[in-house]
Amino acid sequence: MVFLEFEKPLETLYEQLEKLQQVGEEGDIDVADMVRTLENKIRTKRKEIYSNLTGWQKVQLSRHPERPYTFYYIRQMCSKFVELHGDRCFKDDKAIVGGLGRLDGQTVVIIGQQKGVNTKMRQYRNFGMANPEGYRKALRLMKLAERFDFPVVTLIDTPGAFPGIEAEERGQAEAIARNLFEMAQLRVPIVSVVIGEGASGGAIGIGLGDRVFMLENTWYSVISPESCSSILWRSWDYKEQAAEALKLTADHMMDFGLIDGIIKEPLGGAHAAPEEMAKLLKRHLKKTIGELQELTPEARIEARIAKYAQMGEYERVSPEATVENDNS
Amino acid sequence: MGWFKRLKDGIQTATRHKKDTPEGLWYKCERCKETSTVKELKDNFFKCPKCNYHVRIGSHDYFDLLFDGNYEELFQDLRAKDILGFEDMKPYTERLQSAYDKTGLTDAITVAKGKVNRKSLVISAMDFKFIGGSMGSVVGERISLAVDHCIATQAPLLIISKSGGARMMESAFSLMQMAKTAAKLSQLAKAKLPYFSLMTDPTTGGVTASFAMLGDINFAEPEALIGFAGPRVIRETIKQDLPEGFQRSEFLLEHGFLDFIVDRKELKETISYLLLCYDLQ
């Protein structure tokens, strides 16, 4: 088990529990009662810790090394899945994956950012940071879905689109922009879920949906807390303050009306009970897809665009008012 | 009755109509370091008379450069709101106030309608001086309203981008403006109205990754910095020096992301020709 910094009290309790169980196995002292007490204590402690998570702690949870990634959910949710590779222009991006899956008798196109599960794979997956070909592969699969009337599911988990020389040469910005433009008009339902990190253009590049959900312990923001700290505070040391200031948690996003719902995670986070998490996610997806399929493509597109068009908070002043600092 | 009457414009001009350009009598070029007079600079379309460096100018400079005389500003009643209560080293509200005071502008984009060689055009032009030309809710909404206006009046749209990207102080609201502007532009496309995207120095981040790259025609001023990630971020990520000319207009043209590069002197003529080709009137 990997314990995050704020989970340290739990780690101590788990150590105690382990020792106690050892004693129980070795000798003939009955430790059952004590074990039970300790387990209860762990449960209470966990509840206590998890009911008061700060923004930064949620950021840490979203990056937990044991957290389930896109392929895990696909394997758990789909009876069958075939991965489809390549953007047909340049190459196959490893940070965005996708393919055809069967969701209880219905074909869906599932696309998502994929992070690696160990050091070698993390590099192979480029830490979930896609290049333009990843976004173009995603678009190719969405267009395929459109032709055969398959609903599209996108799973978001990225620290951002990759900032590299080649990415710029091949038009990272154009690839993301094009996806937004095309997704706005896609004739099939699109359901997007932030399952981990939702950082910036790299996230929204596959995230324009009829319905957008966030898992409970994830974040969605215009910039990562680290980069925000480095730019606005001119130092990497203010990431915790930045995480608070950016109001990037699922609760905030729901309050702002920028997402359509929060999917609860099991106690201790998605990684504490991944199978249960996958079941919850699947139930949500199926229900939402069903609702969206009731609408005609035209009605869906209109509602989708209207949803995004109303996003934004501003004030209105009287039309005559100008920003005056005239000295004339 | 006064003894003297000011005959020239510019002295009585309200601050909001003042230009985003060098003040004073002399201009020293940022690139070639040569000195010329501000008048020479202005007469040369705000390009260095010695080396043709395109000086960064503001929305109203572009309106003056492109429209035949009069134009009407639209959606000026919108103002940014500090919905997050954002505070870094300075509260967002203070940043906004100082931007209002310093620039006389109402946000990082101004929308205006007018005629270009007698053809109607809606221009949305950004100002880098207003919090780095960053895109928050007001920028997104003004573009959205500009699209609606274009559809209602069957006018084409030109957006002149000049921005560091999304505005951090509005966090996810800024991020969603990428989706919002792209979605609205898809409506303009469906209505078969042309959208021209002019990228100027600099155009980066969420602005490039949304409306700036979505033009039916994408073009840029010479040597403008255009990209997704900023050069500093890329250098820090890959830990190597960037090639010369990287992320400049010429680089984007070479890699296939621009239709052409236009000298500011030929800007009006070029746009006027595009309008003629699309022949909307």
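These numbers come from the heavy atoms of this one structure, side chains and all, not from hydrogens, waters or symmetry mates. Per chain, numbering begins at 1; letters A, B, ... match sequence-line order.
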At a 4.5 Å cut-off on heavy atoms, which part of [X] comes close to chain A: side chain, backbone, both, or neither?
| X | answer |
| --- | --- |
| A80(B) | backbone |
| I238(B) | side chain |
| E236(B) | side chain |
| R235(B) | neither |
| F211(B) | neither |

Contact winner vs chain A - K90(B), K184(B), Q187(B), heavy-atom pairs under 4.5 Å: Q187(B)
[X] versus chain B, the contacting section by heavy-atom distance below 4.5 Å:
| X | answer |
| --- | --- |
| E315(A) | both |
| S227(A) | neither |
| M183(A) | neither |

Flag, side chain of E168(A) to backbone of F228(B), donor-acceptor distance under 3.5 Å: yes
K180(B) (side chain) donor-acceptor with Y308(A) (main chain) under 3.5 angstrom: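 No; judged by distance alone, with no hydrogens or angles, the pair does not exist.
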Reference residue E313(A); test salt bridge (Lys or Arg N to Asp or Glu O under 4.0 Å); the match among R167(B), R79(B), K81(B): K81(B)
L180(A) versus A209(B), closest heavy-atom pair with distance: CD1-O, 3.8 Å
Nearest atoms (heavy-atom pairs only) where A173(A) meets T208(B): CB-CG2, 3.6 Å
